[in-house]
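Have a look at the structure below, then the notes.
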Amino acid sequence: MLKIEHLTKIYGTTAAVDDLSLSIEPGEIYGFIGHNGAGKTTTLKSVAGILNFDNGVITIDGFDIRKNPIEAKKIMAYIPDNPDIYDYMTAIQYLNFVADIYEVSQADREARIKKYGDMFALTEKLANPVNSYSHGMKQKLAIMAALVHDPKLILMDEPFVGLDPSAAFLVKQTMREICDNGGAIFFSTHVLEVAEKLCDKVAIIKNGKLVKSGTMEEVKGDESLEEVFLDMQNAAQAEKDTSLNIEIPKFEEKKRGFWKR
Ligand code: ATP
């Protein structure tokens, strides 16, 4: 679904991302873990096709983001850490605007807006202007807008920051549902616990370099990463995400019949 090969992005004399390669398969929630300034946003923006990079190849479902940007962008969505939504529009105008860009049929957009509007308790407020929305409501609206064209790959930059626990739970549930239906999610976090509870696979980035990727068990089993994990744990302690106690079962656990218990 997503293949990043030898991605390098240089600012001035510093490599923000340095020869990074990873791939994500359909059905996977893939966590991208790293401390502040590690290179997560730079990678996500490069994949989203909104940041030019110096070296490497990025393909989304076979479409090269540089050679076939329209085809690649049609099948993905990017939710930045601080979404910029047109403040002067109402929420429903904004959602229709995004749906128009992606040429989503009337029936499909109505069904998706209803589904996610009800889920995020926004349906009653969709006629209100975006500038009347709180930060968390804007984040939920940005997620709805990202889902309106039913993307195969979703990129999310720190998706849980600023969400209350129940909204974070709903977002995690939605992420799982999308991946169980064959989609893939690549999201960044600097909170280890979030990745541990939610992801099928993770990649650790430090100073622009990929230090390890694989299942959480594989990655945690690497003793050379002790220092990285300590950094992460300290970060988690400093910025405790209150939603963390709510667990969403992982794909493997579901396969073992988690839901039947
Ligand atoms: P955070 O968790 O704080 O969001 P991050 O892992 O997303 O961090 P990036 O935003 O990708 O990190 O930044 C990686 C490096 O690139 C940092 O050293 C940052 O200072 C640098 N950088 C990012 N954007 C620019 C820019 N426009 N100009 C110069 N340097 C930049």
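Numbering of ligands and ligand atoms starts at 1, following listing order. In this text the structure is predicted, and so the values were computed from the model without any measurement. Below, all heavy atoms of this structure are taken into account, side chains as well, without hydrogens, waters or symmetry copies.
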Out of Ala16, Gly37, Ser188, Ala15, who gets a non-hydrogen atom closest to atom 1 (P) of ligand 1? Gly37
Nearest-contact summary for atom 21 (C) of ligand 1 - protein heavy atom, Å: Tyr11 CD1, 3.9 Å
Give a yes/no verdict on a cation-pi contact between Arg66 and Phe53, requiring under 6.0 Å between NZ or CZ and the six-membered ring centre and an angle within 45° of the axis. yes
Test item: protein heavy atom less than 4.0 Å from atom 16 (O) of ligand 1: yes
Note, Met76 side chain near Ile65 side chain (heavy atom, < 4.5 Å): yes
Tell me: protein heavy atom nearest atom 11 (O) of ligand 1, and distance? Thr42 OG1, 2.5 Å
Of all the non-hydrogen atoms in the protein, which one sits nearest to atom 10 (O) of ligand 1, and at what distance? Thr41 CB, 3.7 Å
Is it the case that Lys172 places NZ or CZ above or below the six-membered ring of Phe160, under 6.0 angstrom from the centre and within 45 degrees of the axis? yes
Which residue supplies the protein heavy atom nearest to atom 3 (O) of ligand 1, what is that atom called, and how far is it? Asn36 ND2, 3.0 Å
I'd like to know if the side chain of Tyr116 reaches the main chain of Ile143, judged simply by a donor and an acceptor atom lying under 3.5 Å from each other, with no hydrogens or angles considered. no
Protein heavy atom under 4.0 angstrom of atom 26 (C) of ligand 1, is there one? yes
Donor-acceptor under 3.5 Å (Thr123 side chain, Asp118 main chain): yes
Non-hydrogen atom of Gly34 closer than 4.0 Å to ligand 1: no
Can you find a pair of side-chain heavy atoms, one from Met144 and one from Leu95, that are under 4.5 Å apart? yes
If the cut-off is 4.0 Å to any non-hydrogen atom of His35, which atoms of ligand 1 fall inside it? 6 (O)
Exactly one of Thr41, Asn82, Thr43 clears side chain to side chain donor-acceptor pair (under 3.5 Å) with Asp157, and that residue is Thr41
Could you tell me whether Lys9 sits above the aromatic face of Tyr11, with NZ or CZ closer than 6.0 angstrom to the six-membered ring centre and within 45 degrees of the axis? yes
Hey, does Ala38 come in under 3.5 Å of ligand 1, counting only N/O atoms on both sides? yes
Evaluate Lys40 for polar contact with ligand 1, using N/O atom pairs at a separation under 3.5 Å. yes
